[in-house]
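Following: one structure in structure tokens, then a few remarks.
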Amino acid sequence: GVPPVIEEIAAYRESKKGVVNLPLLGALLAFLLLLMAFTFMYLKTYRKENCPDLSLFVLTLIMATVFVALSHVMGLLVKLLAEGGKSALLDRPAFFLFVAPVAAGSMLMTLRVNRHIAVVYTLLFSVLFGVLADFSFGMLLFALLSSCTGIYAGAKLRQRTAQWKGALLIGAVNVPLALGVLLTDPWWADHPVRDVGLPLSLAFLAGLPLTVMLVSALLPPFESFFRILTDVRLLELSSLNHPLLKQLASVMTGALVAFV
């Protein structure tokens, strides 16, 4: 038979499945914070011309913490909903995190600051997300590549209404990324092909509509709270379709005709 020690180890692993190691996650966050602090001190001392504002480091840390917590909460909610239906994902709770709109944070950072700071945020968030997902390297890569897609979509954004196109792109990229994670995980060998439908659906929903809903909801208050004038806002204000510019154009046309 199986040695008692092996059975105890298996039972312990089963009891810890899906349980977040908060002390370890906090320690990793503290380490990354310390690393960012040393980076800022180095840039402030030796690369003053390239050193970003300290508030950007603080903003990056706040955003990473908020989105890690949001990912954890959304994963738990989907898991609770799935428990009644005996979902196959209950054997691998980390896969419920596919529903987390991981690209939303990177898109917000791109729109609010720039893509360079968004890359720093992406690296920080992806590591924390991988730890949150039971130290899954596949989930870390999923978050990293999905967030990079969010940076690309945010950099190409010219109007708030175009967020739907960016979210559709993120959803389309999330599906093959999630499939790659599933194919490289032992979970795949123990479940039929039909069971991949749920995680792939969650990955797509994380892009569309969850990402666009989150970005649309958070961008205006963050612009006001942090007093950041984003490129999207400037483009909207400079658009000739803006009512004030239309009114100004009509007034100036009338003044020009009267002058002539």
Side-chain angles (χ1 to χ4, degrees), residues 1-28 67-105 122-123 125-150 167-211:
V2 180
V5 176
I6 303 298
E7 292 181 351
E8 291 179 4
I9 294 176
Y12 176 78
R13 289 179 176 177
E14 186 68 24
S15 65
K16 293 298 182 181
K17 185 180 294 184
V19 178
V20 180
N21 192 332
L22 293 179
L24 184 59
L25 187 63
L28 180 60
F67 273 89
V68 166
L70 180 64
S71 300
H72 180 53
V73 171
M74 294 186 68
L76 285 179
L77 289 177
V78 176
K79 180 182 176 182
L80 290 175
L81 292 175
E83 283 180 348
K86 297 181 179 179
S87 170
L89 288 186
L90 293 174
D91 296 334
R92 191 73 166 88
F95 287 160
F96 285 112
L97 290 174
F98 280 131
V99 76
V102 295
T122 295
L123 295 175
F125 171 78
S126 299
V127 173
L128 296 175
F129 187 83
V131 175
L132 183 66
D134 295 335
F135 294 92
S136 171
F137 183 72
M139 294 298 285
L140 185 152
L141 287 180
F142 171 81
L144 179 65
L145 296 178
S146 180
S147 296
C148 288
T149 307
L168 180 60
L169 173 64
I170 293 169
V173 171
N174 279 358
V175 172
L177 290 178
L179 182 60
V181 173
L182 294 173
L183 289 175
T184 56
D185 193 90
W187 177 89
W188 172 269
D190 300 328
H191 295 83
V193 177
R194 65 175 182 271
D195 288 343
V196 305
L198 177 58
L200 295 186
S201 299
L202 293 178
F204 182 80
L205 290 175
L208 186 70
L210 293 180
T211 292

What are the two closest non-hydrogen atoms of [X] and [Y], and how far apart are they?
X    : Y    : value
G207 : A167 : O-CB, 3.1 Å
L140 : S126 : CG-O, 3.5 Å
A143 : F129 : CB-CD2, 3.5 Å
A100 : A206 : O-CB, 3.5 Å
S146 : L177 : N-CD1, 3.8 Å

For a side-chain contact (heavy atoms from CB on, under 4.5 Å) with F95, tell me which candidate from L89, L198, L202, V196 qualifies. L89

Validation row: [X], [Y] side chains within 4.5 angstrom (heavy atoms):
X    : Y    : result
V99  : L77  : no
L200 : L182 : yes
R92  : P186 : no
M139 : L132 : no

So how far is it from [X] [atom1] to [Y] [atom2], rounded to the nearest 0.5 Å?
X    : Y    : atom1 : atom2 : result
L208 : I170 : CG    : CD1   : 9.5 Å
L80  : F96  : CG    : CZ    : 9.0 Å
S71  : L97  : OG    : CG    : 6.5 Å
L123 : C148 : CG    : SG    : 7.5 Å
F137 : D185 : CZ    : CG    : 13.5 Å
N174 : T211 : CG    : OG1   : 7.0 Å

Step by step, work out the side chain to side chain contact (heavy atoms under 4.5 Å, CB included) result for T149 and L169. CA-CA 8 Å; T149 307; L169 173 64; 4.0 Å; yes

Within the 6.0 Å centroid threshold, strictly below: F98 and F142: yes

Under 3.5 Å, side chain of T184 to main-chain N/O of V181, donor-acceptor pair present?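 Yes, T184 side chain to V181 backbone: donor-acceptor pair under 3.5 Å.
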
